[in-house]
Amino acid sequence: MLDIKLLRNDVDTIANALQKRGFTFDVDQFNQLESMRKASDIKTQQLQSDRKKASKKVGELIQSGKTVDEAKAEVSQLIGTISQALDQEVTKNKAINDELLQFLSGIPNIPDADVPEGKDESDNKVVSLVGEPKGFDFEIKDHVDLGATLDGMDFDTGVKLSGSRFVVLKEGIARLHRALAQFMLDTHAVDHGYSEVNVPVIVNSDTLKGTGQLPKFEEDLFKIEHDNRPFYLIPTAEAPITNLYRDEIVTDLPKKFVAHTPCFRSEAGSYGRDVRGMIRQHQFEKVELVQIVSASESDKALEELTSHAENILKALELPYRKVLLCTGDMGFSAAKTYDLEVWLPSQNTYREISSCSNTRDFQARRMQTREKIDGKQTAFVHTLNGSGLAVGRTLIAVMENYQQADGSIAVPDCLVPYMRGQKVIA
RNA sequence: GGAGAGAUGGCUGAGUGGUCGAAAGCACCGGUCUUGAAAACCGGCAAGGAUUAACGUCCUUCUAGGGUUCAAAUCCCUAUCUCUCCGCCA
């Protein structure tokens, strides 16, 4: 959520910045709502003040010796008129504020100044290329064929159990998948200083509002009902982790968390894309990094967090590139985002495997997560999140990049200990 | 699933209808003392919002939503959550 003060002071600048990411901010509607709100606030408060004074007078009259009935009689008419007017105004005020809140909740974050302007992913800027795609002297297979050959990836049974975009992993592939998650978790927790947490994967709507998935993107989520109340399967661990500090004033920043969770996405808008294989599933696993930091530290934190995700790719010796997303390609809550894209030989291209974002105070404002500065002032914290990495897609990348002529897959060195010494999946 | 108790500021915790936004302690901030620190002592310290050039003035908030009342942290109803006991269970 944006700071309403910024909007009051400088609507046009913000409307401009939002236009860069393809969002048209309705300045007139905002100004109208805002002036209605202001008028109603002032009126409501004046009436409340009047009523309070009248009520206190009853107390004073009683204190000075009058009976309760006498005191009431003296002010009852006045209070009657005030109350009536107040009831009306409060109802109106609430409606206006609700509308204003809804209006504000639907506005995406403002892009940072150094984010390139653009319409879609073709305008993203490649920041760095790491590693070199290796050549193969045999006909390569994609992960679907490799998985079938090794009897490790069963899409048909996934369909039988659940439906399309679900998969069953088996044997060596299942173990490799698990090894990847363990390796990532250990690297971040032990080497990068993140605190490991295990969080619920079913959350309430307040949690998803806090990180910005709601109210706008409900169609992308799996919704479940329990005791007539809505709950959601998390689309990313960013939601439960970042919300650990919702409605709190935090101390001891920075906070750094890592968690390994399944993620669930309905992806209603993207049927037809990536239908083959494990690239886009309704259920997948991800190791997520979250940092909660002071405002002045978030620029540095984004670089650091991104480098932590990169370290996984480096350790796995997978070729990748780091991309700075343009204004039009960023997520709703992000002010600046780096994507890490891994090389997939079968597609002869780089595919997203991690997305690292600085949301600045956008989520903190929604969550009311603040810190005390010098023991006095409160200020919104900044929150950052990034995949470190998407486990399913990393599995694909390892399978394809480490495939051998006979269809077997070499286990990357750093994973061998997690595979109890196994060096090849055949 | 059954029975009971509870939810108050960063934390602990007092407060059962009338200047209560709320005692006290801890934590925190400032100061005195000290070579420095600790201790001790003095002072400050909830959040959000409206308005103002500023000082200030005003409003809201004691889990949430309703209700009673001239007046609600305090009484009533509902929901959520927590704790204790019983049952069930990985």
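Source: prediction; values computed, not measured. Labels below follow one simple rule: chain letters A, B, ... track the order of the sequence lines, proteins then strands, and each chain is numbered from 1.
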Rounded distance (Å) that lies between atom P of B:rC81 and atom CG of A:D247 | 16 Å

For nucleotides 48-53 of chain B, give me every protein contact, N/O to N/O, under 3.5 Å, one pair per line with atom names.
| unit_1 | atom_1 | unit_2 | atom_2 | d |
| --- | --- | --- | --- | --- |
| B:rG48 | OP1 | A:T378 | OG1 | 2.8 |
| B:rG49 | N2 | A:Q45 | OE1 | 3.4 |
| B:rA50 | OP1 | A:R8 | NH1 | 2.5 |
| B:rA50 | OP1 | A:R8 | NH2 | 3.1 |
| B:rU51 | OP1 | A:K38 | NZ | 3.2 |

B:rA37 pairs with which nucleotide, Watson-Crick or G-U wobble, both distances below 3.5 Å?
-> none

Quote, to the nearest angstrom, the C1' distance that separates B:rA22 from B:rG30.
-> 25 Å

Looking only at atom types and distance, does a side-chain atom of A:R360 sit under 3.5 Å from a main-chain N or O of A:P111, one as donor and one as acceptor?
-> no

Salt bridge between A:D123 and A:K119, side-chain N to carboxylate O under 4.0 Å?
-> no

Return the value, rounded to whole Å, for the distance between atom CG of A:D252 and atom P of B:rC28.
-> 11 Å

What distance, rounded to whole Å, do you find between the two P atoms, one in B:rG44 and one in B:rC26?
-> 15 Å

Span that lies between the P atom of B:rA24 and that of B:rA46, in whole angstrom | 12 Å

Residues A:E297, A:Q291; criterion side-chain hydrogen bond (donor to acceptor under 3.5 Å, both in side chains); working and verdict | CA-CA 10 Å; A:E297 302 299 310; A:Q291 291 200 21; over 6 Å; no

C1' gap between B:rU34 and B:rA40, integer Å | 12 Å

Okay, side chain of A:Q403, backbone of A:E400: is any donor-acceptor separation there less than 3.5 Å?
-> yes

Between B:rU78 atom C1' and A:R229 atom CZ, what is the distance in whole Å?
-> 13 Å

Pairing partner of B:rU16, by Watson-Crick or G-U wobble and under 3.5 Å for both distances, is none

Donor-acceptor pair between A:Q363 and A:T383 side chains, under 3.5 angstrom = yes

Which one is paired to B:rA5, where only Watson-Crick or G-U wobble pairs with both distances under 3.5 angstrom count?
-> B:rU82

For B:rC20 versus B:rU32, give the span between their C1' atoms, rounded off to a whole number of Å.
-> 33 Å

G-U wobble or Watson-Crick pairing nucleotide for B:rC62 (cut-off 3.5 Å, both distances) | none

Pairwise C1' distance for B:rA73 and B:rU8, with rounding to whole Å = 7 Å

Flag, side chain of A:N243 to backbone of A:A239, donor-acceptor distance under 3.5 Å | yes

Taking the same atom, P, in B:rG21 and in B:rU80, what whole-Å distance lies between them?
-> 31 Å

Any N/O pairs under 3.5 Å between the protein and nucleotides 60-65 of chain B? List them or say none.
| unit_1 | atom_1 | unit_2 | atom_2 | d |
| --- | --- | --- | --- | --- |
| B:rU60 | OP2 | A:K52 | NZ | 3.4 |

A:R276 bridged to A:D145 by N-O distance under 4.0 Å = yes

Mind calculating the distance between CG (A:D50) and P (B:rC70) to the nearest angstrom?
-> 18 Å

A:T378 side chain to A:R370 main-chain N or O, any donor-acceptor pair under 3.5 Å?
-> no

Of A:Q46 and A:F231, the one whose closest RNA chain B nucleotide lies more 5' = A:Q46

Inter-nucleotide C1' distance (B:rA72, B:rU61), Å rounded = 13 Å

Short N-O contact, A:R37 and A:E34, less than 4.0 angstrom = yes

Any strand is fair game: report the nucleotide pairing with B:rC75 by Watson-Crick or G-U wobble, both distances under 3.5 Å, or none.
-> B:rG67

Please say which of A:V398, A:L185, A:L389 ends up in a side-chain contact (heavy atoms from CB on, under 4.5 Å) with A:L180.
-> A:V398

Both distances under 3.5 Å, Watson-Crick or G-U wobble: report the partner of B:rC26, or none.
-> B:rG10

